Amino acid sequence: MSVVRDTVVDMPPRESPSPRWCAVGRSGTAPGGLAAVELDESGGRSPEIPIPADGLANFVAAREAEAPRRWVWADTPAVYPALLTAGVRVERCHDLRLCHQILRNSVLVRDRAALHAATQWAVAPDPVEEPRAPLMPALFELEAGSARRPTVPDSLSEVLAEFDRQRSAIDSAAEPNRIALLLAAESVGALIAVELTSAGVPWDTEEHDRILSEALGPRPAPGAKPAALLAVGEEVRAALGDPSASLDSPPKLLRALRAAGIEASSTSRWELAEHEHPAIPPLLHYKKLARLLSANGWNWLDEWVRDGRYRPVYVPGGVVTGRWASSGGGALQIPRSLRPALRADPGCLLVSADVSQLEPRVLAAMSGDRAMAAAGAGRDLYAGIVESGAVATRQDAKIAVLGAMYGGTSGDSGRLVPRLRRAFPAAMRLVDDAAAIGEQGGIVTTWLGRSSPPPGEEWQGVQAAASLPGAGRREEEHARRIAREFGRFTRNFVVQGTAAEWALAWMGELRRRLFAFDPVHGETPMAASGPVFSARPHLAFFLHDEVIVHAPRAHAEAVASAIEESAQAAGRLLFGDAPVDFRLDLRISERALKD
DNA sequence: GGTGAAAGCGCG
DNA sequence: AAAGCGCGCTTTCACC
């Protein structure tokens, strides 16, 4: 019994009365049907257990009651939505598609040959591009005409073979072997992502409409522009002295600006703000309104909010660093001005939490920089950096820290980062080393073991060309520039990626605690959250370092404690007893606040 | 008429 | 024209 399989792979560790994995896939013997196989520690397998074509939810519910070690399946979003709809939640799974991606790329995994050979599992990072295969009741069946096959294999035999490959790969990882923890975190993320869509964000359509109307005027007829937008547009044209100026096309707008004597080189907001001209303030206002309308206007509302819920689709592992991406509705870009539309159901509250300075704290923990950990202990990290004497103001501290993590070289950041380097040498060495590796075209790896992609062929080609004897200055400068760019990417990768791992651990822990709450009986609150999540606190929103839980009133205080405890638990899970605390801003309210 | 790149801006 | 990372989405426009 290896340490990896025995304790770490389970997140969080638990006593399981049934310490076996349960793999599910399309049956090889019963065409069109599903089947399961149970696996034990020593590689033993049960015979195929047939699952009735329409009986997956029942099967899973029954087995789940026995607390299997993990469900093993190809692709969580192909299976889990239908289970939730049927009222069945699972505690833990192993998502083969996501885990394959991590293991195939991680340089910590010594035996990757078998995974690399399994090309059918190497899929594009974003499988949401095309419609997914239908989910239930024929789980993995193709629906005539409309859908395509899942992006990864789904037969039970393929599932079992891939799981074998992955277990070997996990065991072959270099010490300290944290990759199983990463796979557990990634897989619980896959469950959470589906659950978030299923439960939805409680959305107050009237409040959204009120915010839009206040800014833009009443909702216009389809195809027409809102009154306030038109009025501000006229103001801009008047100030430009150009009644026909086009404001929506950057090239045309630029010409109009030039004609009015504004020497701008682009029409981006920050550059326009540099110029003094009566047309500038209304133009900035116009751009603000136009953005609100096109990105989150009434059309967005019609398309994305149904029955009081906004249901975005999250894409775990959608970003190379391991952050989630989203698909549809722009879940990760909801403007703060619209946050008040996020509103708890009657009888419920929102418990919101965001982590203060997550990434620098993660950097302090993974680098073991005690001075940086101390700067953030029990207070605002930037205030602590000021107190340490490294920089003079909180603003400077922030610029310096961001510059350290992003690779800032010029301006304030270029001036301040060296001071940070003196005050926090261990933390800075970690990111500086990561940057140096990237500049040489190397690969870096997060705390738990997610590796960065190598530079592309073009990058390699430019470097090779620049090192040839006949290379000119232009080529050398170009090569240097893109080498530094890649260094900034790898510098940031280790921090952003490890922060994403912490966030997954935080949510995984929180999810488990939330489900231990007693459902609220009587009138069922949060009915629109579906059979699994109504009546009990559930995650409703996630944004990199921020969560919102939708909870019955009676549970709100306890939920806040659970969020806090989960953050500390995540810190311990990843970093042991590193003296870094992850501070939260916690808020309990009926609606999310702008800020 | 569809496709893809670029610009611009929202989020962390 | 961002300096300094990672994304998604809408609009415009050149091009096939």
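Just so we're on the same page: letters track the sequence lines, and every chain starts at 1. The structure presented is a predicted model; accordingly, all values stated were derived computationally and were not measured.
Ranked by how close their nearest DNA chain C nucleotide is to the 5' end, A:E274 and A:A331 are led by A:E274. Comparing A:G328 and A:S266 along DNA chain C, the residue whose closest nucleotide (by nearest heavy atom) sits nearer the 5' end is A:S266.
Rounded to whole angstrom, the span from the CD1 atom of A:I482 across to the C1' atom of C:dC5 amounts to 17 Å. Rounded to an integer number of Å, the gap from CH2 of A:W324 to P of B:dC11 is 20 Å. Following rounding to the nearest Å, A:L289 (CG) and B:dG8 (C1') show an atom-to-atom distance of 16 Å. Atom pair A:R291:CZ and C:dT11:C1' shows a separation of 11 Å (rounding to whole Å applied). We find that OH of A:Y406 is positioned 11 Å from C1' of C:dC7, with the value rounded to whole Å. Atom CD of A:E359 and atom C1' of C:dG4 are 12 Å apart (whole Å). In this structure, A:L254 atom CG and B:dA6 atom C1' are separated by 14 Å, rounded to whole Å. The NE2-P distance, from A:H544 to B:dG12, rounds to 8 Å in whole Å.
In this model, a side-chain donor or acceptor of A:R323 finds a partner on the base of B:dG12 within 3.5 Å. Looking at A:R269, its side chain has no donor and acceptor atom pair within 3.5 Å of the base of B:dC9. Interface remark: the A:Q333 side chain does form a donor-acceptor pair with the C:dG8 base, using a distance-only criterion of under 3.5 Å.
Side-chain rings of A:H208 and A:W300 approach one another, their centers coming within less than 6.0 Å.
Ranking B:dC9, C:dA1, B:dC11 by closeness to the A:L543 side chain, first place goes to B:dC11. Closest to the side chain of A:S294, from the set B:dG8, B:dC11, C:dT11, is C:dT11. In this structure, the nucleotide among B:dG12, C:dG6, C:dT11 sitting nearest to the side chain of A:F489 is C:dG6. Candidate nucleotides C:dA2, C:dG6, B:dG10 were compared by shortest atom distance to the side chain of A:V320, and C:dG6 ranks first. With distances taken from any side-chain atom of A:N492 to the nucleotides C:dT12, C:dC5, B:dG12, the minimum falls on C:dC5.
A:G403 comes within contact range of no nucleotide atom at all, as no heavy-atom separation falls under 4.0 Å. No contact: A:G414 has no heavy atom under 4.0 Å from any strand. Within the 4.0 angstrom heavy-atom criterion, only backbone atoms of the sugar-phosphate kind lie near A:I334; the bases stay farther away. At a threshold of 4.0 angstrom between heavy atoms, the contacts of A:G408 include nucleobase atoms, whether or not backbone atoms are also involved.
Geometrically, A:R343 does not engage A:W203 in a cation-pi contact defined by less than 6.0 Å to the ring centre and at most 45° from the axis.
Counting all heavy atoms, side chain and backbone alike, A:V494 lies closest to A:M366 at O-CE, 3.7 Å. The two residues A:P226 and A:P220 come nearest to each other via the heavy atoms N-CG, 3.7 Å.
Base pairing of C:dA1: no nucleotide in any strand meets the Watson-Crick or G-U wobble criterion (both distances under 3.5 Å). When both pairing distances are held under 3.5 Å, C:dT11 makes a Watson-Crick or G-U pair with B:dA6.
Residue A:S249 places at least one side-chain N or O under 4.0 Å from the OP1 or OP2 atom of C:dC13. OP1 or OP2 of B:dC9 sits under 4.0 Å from a side-chain N or O of A:K287. A:R488 has a side-chain polar atom (N or O) that falls below the 4.0 Å cut-off from OP1 or OP2 of C:dC5. Between A:S326 and C:dC7 there is no side-chain polar atom (N or O) within less than 4.0 angstrom of OP1 or OP2.
Between A:R481 and A:E485, at least one side-chain N (NZ, or NE/NH1/NH2) sits under 4.0 Å from a carboxylate O, which counts as a salt bridge. We find that A:R361 and A:D581 are joined by a salt bridge, their nearest charged nitrogen and carboxylate oxygen being less than 4.0 Å apart.
The backbone N or O of A:A500 lies less than 3.5 Å from no partner atom in the side chain of A:W324, so there is not a single donor-acceptor pair.
The same atom, P, is picked in C:dA1 and in B:dG8; the two are 10 Å apart, to the nearest Å.
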